[in-house]
Amino acid sequence: MRPSTKSLFAALAFTALAAASGAGIAAEVKGAAPTDPALIEKIRKSNAECYACHTEAGLKNPPRADMDLAALTKFIHDPKQFDGSNHTGMECKVCHGQGYVAFPHAPEAKKSISECGECHATKALRVETQFEASVHAKNLKDAFTCQTCHDPHVYKVAAKVGDPRKIVAQDNAMCVDCHNSDLRYSAFSTALPTKKVRPDLYATHDWLPNARLHWSAVRCIECHTPVSPVKSLATSHEILAKDKSDKACVTCHSQDSALATRLYRYASTNVGADLGFANAQVLGSAYVVGATRNPLIDRAVIGLFGLTVLGLLGHGAVCVVLALIRRRRTS
Ligand code: HEC
Ligand code: HEC
Ligand code: HEC
Ligand code: HEC
Ligand code: HEC
Ligand code: HEC
Ligand code: HEC
């Protein structure tokens, strides 16, 4: 982590504010979200200064005439999105140092933006070890950072999102925004000695029936990171190379589906709590074919699942036979 006095100061100032307001200091984070109304109002006012320019409204109605509006278009933020993020209630200036207080912003302002580890030392340490072992960190080096995937103004941790579909949509967007965009992907891949061309996601996953459906129901990281039996390590940042990625259907389509301790662990607790269920697991794992804990449903579903897979295999076999016949005819 690059130490930066300015942002460290900002983080400490926030801690001091939070402590003064009686909000206390979260064990893992320097300074928790404030609860004191006076402090909340102070932060709202402070952020409104930035929003005066950095929103759609600001762009339409610029508070100053001497601004590069074309440049500003690239830096438009949505206050609602920020309010729904992990960092809701935080002051923009806590992460964006003194260089951004005045406009025009200081030329070196960018260097003073706080990095995740400055406030999340404990978590960042664990995540960083996994991240350093990922294909991205190993092959794409310094160009690939935490912010490449996590937009600190938007991202909300899965445990707080709860609904598996919404978690999947948020988390997969992090990957797909790049892996489905030639423009963004090539900005990173040109650093590779091979200048790798973006592989087509649908073509590389053609062995997976209905990939589109799977991608709306499970996360990319489910198959692309190692499964750990330790619950607190269930979210891994170690994105593996393709030959080490998981192709086994039974990882999810089985009674002890890995999804129970991964994606569905957020839902299990919620579903259980909402309905007062003692065994939330029963409900929590009922999302995926073959993974319910009810033997009757399971048998019926596995039967259907088997038929579907047989159907697919049959379809594959017919294709192969047809291709062979075609090849014979042409040769
Ligand atoms: C008077 C309008 C105005 C205000 C107020 C303003 N900005 Fe900006 N900001 C801009 C414009 C215009 C740009 C586009 C690039 C440029 O001209 O510097 C910009 C660019 C930026 C950038 C991206 C460029 C870079 O250096 O990385 C960041 C980050 C930023 N502003 C943060 C903030 C924060 C945080 C606040 C509040 C403390 C704030 N701005 C207040 C107008 C403003
Ligand atoms: C938790 C820290 C944090 C907070 C709080 C924060 N930012 Fe940022 N912001 C960052 C980081 C880190 C970057 C650089 C992202 C990158 O390098 O891609 C950034 C980049 C920006 C940019 C330029 C890039 C872009 O995509 O627009 C603007 C503008 C900006 N922030 C505005 C704001 C405003 C306005 C607020 C308050 C509502 C705010 N930020 C609150 C960490 C934060
Ligand atoms: C200036 C300090 C600061 C910086 C820099 C910062 N955060 Fe945070 N972060 C916070 C605070 C404060 C909270 C709210 C803690 C709370 O609600 O208890 C938070 C909350 C979070 C949470 C939710 C924690 C939870 O368990 O609910 C995540 C995840 C997170 N941040 C990720 C990041 C990432 C990724 C970055 C870098 C892109 C980052 N943060 C940068 C201060 C910071
Ligand atoms: C390749 C994309 C990617 C990169 C790079 C990345 N993350 Fe994540 N991160 C994710 C995804 C996906 C999740 C899962 C979503 C969740 O649990 O909220 C996640 C979850 C998290 C969480 C919450 C879950 C947990 O394990 O506590 C934290 C904190 C976090 N990331 C911090 C970081 C930090 C710090 C870095 C940089 C060292 C980083 N991330 C780099 C994609 C990424
Ligand atoms: C900003 C762009 C970007 C983002 C975001 C991103 N990746 Fe990548 N990813 C790349 C590039 C570029 C490579 C090529 C690296 C190489 O081949 O050495 C790569 C490589 C990979 C590989 C290895 C392919 C192989 O040939 O072994 C996998 C798997 C992968 N990414 C999955 C993911 C997942 C899952 C996420 C989200 C959690 C993600 N990526 C987010 C750009 C990105
Ligand atoms: C059901 C498990 C599974 C899911 C879900 C999944 N993948 Fe994969 N992915 C794999 C496997 C296995 C491979 C290796 C395929 C091979 O080599 O034949 C792979 C290959 C890749 C590659 C390497 C492509 C290449 O040819 O270099 C990338 C990049 C990738 N996946 C990204 C993603 C992204 C992004 C998502 C989420 C939208 C995702 N994957 C979802 C299992 C999965
Ligand atoms: C990472 C977990 C995971 C893996 C690995 C996985 N699946 Fe799935 N699969 C799911 C989930 C979750 C659904 C439920 C999607 C829904 O209906 O919302 C699903 C649905 C299906 C369906 C029903 C599709 C439909 O059209 O209704 C079939 C068939 C299927 N999977 C086959 C497979 C096969 C074959 C493999 C191995 C090549 C596989 N799956 C690997 C999680 C997984």
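Both ligands and their constituent atoms are indexed starting at 1 by order of listing. Numbers for residues simply follow the sequence, beginning at 1.
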Which option wins on minimum heavy-atom distance to atom 8 (Fe) of ligand 2: H120, H153, E118?
H153
Which is it for C92 and ligand 2 at heavy atoms under 4.0 Å: side chain, backbone, both or neither?
both
Check the pair R165, D163 against salt bridge (Lys or Arg N to Asp or Glu O under 4.0 Å), reporting the backbone distance first and the verdict last.
CA-CA 6 Å; R165 293 270 166 182; D163 176 0; over 6 Å; no
Protein heavy atom at shortest distance from atom 41 (C) of ligand 6
W215 NE1, 3.1 Å
Which residue supplies the protein heavy atom nearest to atom 4 (C) of ligand 2, what is that atom called, and how far is it?
C95 SG, 3.4 Å
In the single-linkage hydrophobic clustering (I, L, V, M, F, W, Y; side-chain heavy atoms under 4.5 Å), do I221 and V135 co-cluster?
yes
Should the ring pair H105 and Y100 be called parallel, tilted or perpendicular, given that the plane angle runs from 0 to 90° and is split at 30 and 60?
perpendicular
Under a 4.0 angstrom heavy-atom cut-off, which atoms of ligand 2 come close to H54?
29 (C)
Considering only heavy atoms, does V127 approach ligand 4 within less than 4.0 Å through its side chain, its backbone, both, or neither?
side chain
Numbered in order shown, the ligand 4 atoms found under 4.0 Å of a heavy atom of V157 are 18 (O), 23 (C)
Can you list the atoms of ligand 2 that are under 4.0 Å from a heavy atom of Y51?
38 (C)
So which heavy atom in the protein is nearest atom 16 (C) of ligand 6, and how far is it from that ligand atom?
K247 NZ, 4.1 Å
Checking contacts here: is it the side chain or the backbone of H214 that comes within 4.0 Å of ligand 6, counting heavy atoms only? Could be both or neither.
neither
Of all the non-hydrogen atoms in the protein, which one sits nearest to atom 37 (C) of ligand 6, and at what distance?
C220 SG, 1.9 Å
Ranked by distance from atom 40 (N) of ligand 6, the top protein heavy atom is H224 NE2, 2.7 Å
Per-atom contact, atom 27 (O) of ligand 2, protein heavy atoms, under 4.0 angstrom
yes
Location of contacts on E222 toward ligand 6, heavy atoms closer than 4.0 Å:
neither
Vertex atom 8 (Fe) of ligand 4, ends H150/NE2 and H237/NE2: angle to nearest 10° comes to 180°
Does a donor on one side chain and an acceptor on the other come within less than 3.5 Å for T251 and R262?
no
Does T235 come within less than 4.0 Å of ligand 4, judged by its heavy atoms?
yes
If you have a sec, work out which protein heavy atom is nearest atom 15 (C) of ligand 2 and how many Å separate them, to one decimal?
Q147 CG, 4.1 Å
Any N/O of H77 closer than 3.5 Å to an N/O of ligand 2?
yes
Ligand 2 to K110 polar contact by distance, N or O atoms, under 3.5 Å
no
Other residues, nucleotides, ligands: >12 heavy atoms within 6.0 Å of L213 CG:
yes
Any N or O of R126 closer than 3.5 Å to N or O of ligand 4
yes
Which of the atoms in ligand 6, numbered in the order shown and given with their element, are less than 4.0 Å from a heavy-atom of C175?
35 (C)
Ligand 6 versus P199: contacting region, heavy-atom distance under 4.0 Å
side chain
Say whether S245, considering both its backbone and side-chain N or O atoms, lies within less than 3.5 Å of an N or O atom on ligand 6.
no
Pull out every atom of ligand 6 sitting under 4.0 Å from any heavy atom of V176, numbered as shown with elements.
38 (C)
Do any nitrogen or oxygen atoms of A124 come within less than 3.5 Å of a nitrogen or oxygen of ligand 4?
no
Taking only heavy atoms of H87, which atoms of ligand 2 are found under 4.0 Å from at least one of them?
1 (C)
Just need the protein heavy atom nearest to atom 29 (C) of ligand 6, so name the residue and atom and give the distance.
H179 CE1, 3.3 Å
In terms of residue, atom name and distance, what is the protein heavy atom nearest to atom 5 (C) of ligand 6?
C223 SG, 3.6 Å
By number and element, which atoms of ligand 6 are closer than 4.0 Å to a non-hydrogen atom of D246?
2 (C), 12 (C), 42 (C)
Is there a nitrogen or oxygen of Q170 sitting under 3.5 Å from a nitrogen or oxygen of ligand 4?
no
Indicate yes or no: does an N/O atom of R219 lie under 3.5 Å from an N/O atom of ligand 6?
no
Nearest neighbour of atom 19 (C) of ligand 2 from the list K93, Q81, H96, E115, on a heavy-atom basis
H96
When you measure from the heavy atoms of Y100 to every atom of ligand 2, does any distance fall below 4.0 Å?
no
How does L201 reach ligand 6, if at all, at less than 4.0 Å between non-hydrogen atoms: by side chain, backbone, both, or neither?
side chain
Report yes if the side chains of N47 and I43 come closer than 4.5 Å at any heavy-atom pair, otherwise no.
yes
Test log, rule ring-ring contact (aromatic ring centres under 6.0 Å, His included), inputs H87 and F82:
CA-CA 7 Å; H87 295 126; F82 183 69; 7.5 Å; no
Within-shell test, I167 vs ligand 4, heavy atom, strictly < 4.0 Å:
no
Counting only heavy atoms, which portion of K242 has something under 4.0 Å from ligand 6: side chain, backbone, both, or neither?
both
Does an N or O from H205, backbone or side chain, lie closer than 3.5 Å to an N or O of ligand 6?
yes
If you scan protein heavy atoms around atom 23 (C) of ligand 2, the nearest is F75 CD2, 3.7 Å
Suppose we measure from atom 14 (C) of ligand 2 to each protein heavy atom; which comes out shortest, and what is that distance?
I113 CD1, 4.0 Å
Heavy-atom proximity to atom 35 (C) of ligand 2, best of C50, S85, A48:
C50
Identity and distance of the protein heavy atom lying nearest atom 11 (C) of ligand 6:
W207 CZ2, 3.4 Å
Which residue and atom name correspond to the protein heavy atom nearest atom 24 (C) of ligand 6, and how close is it?
T204 CG2, 3.5 Å
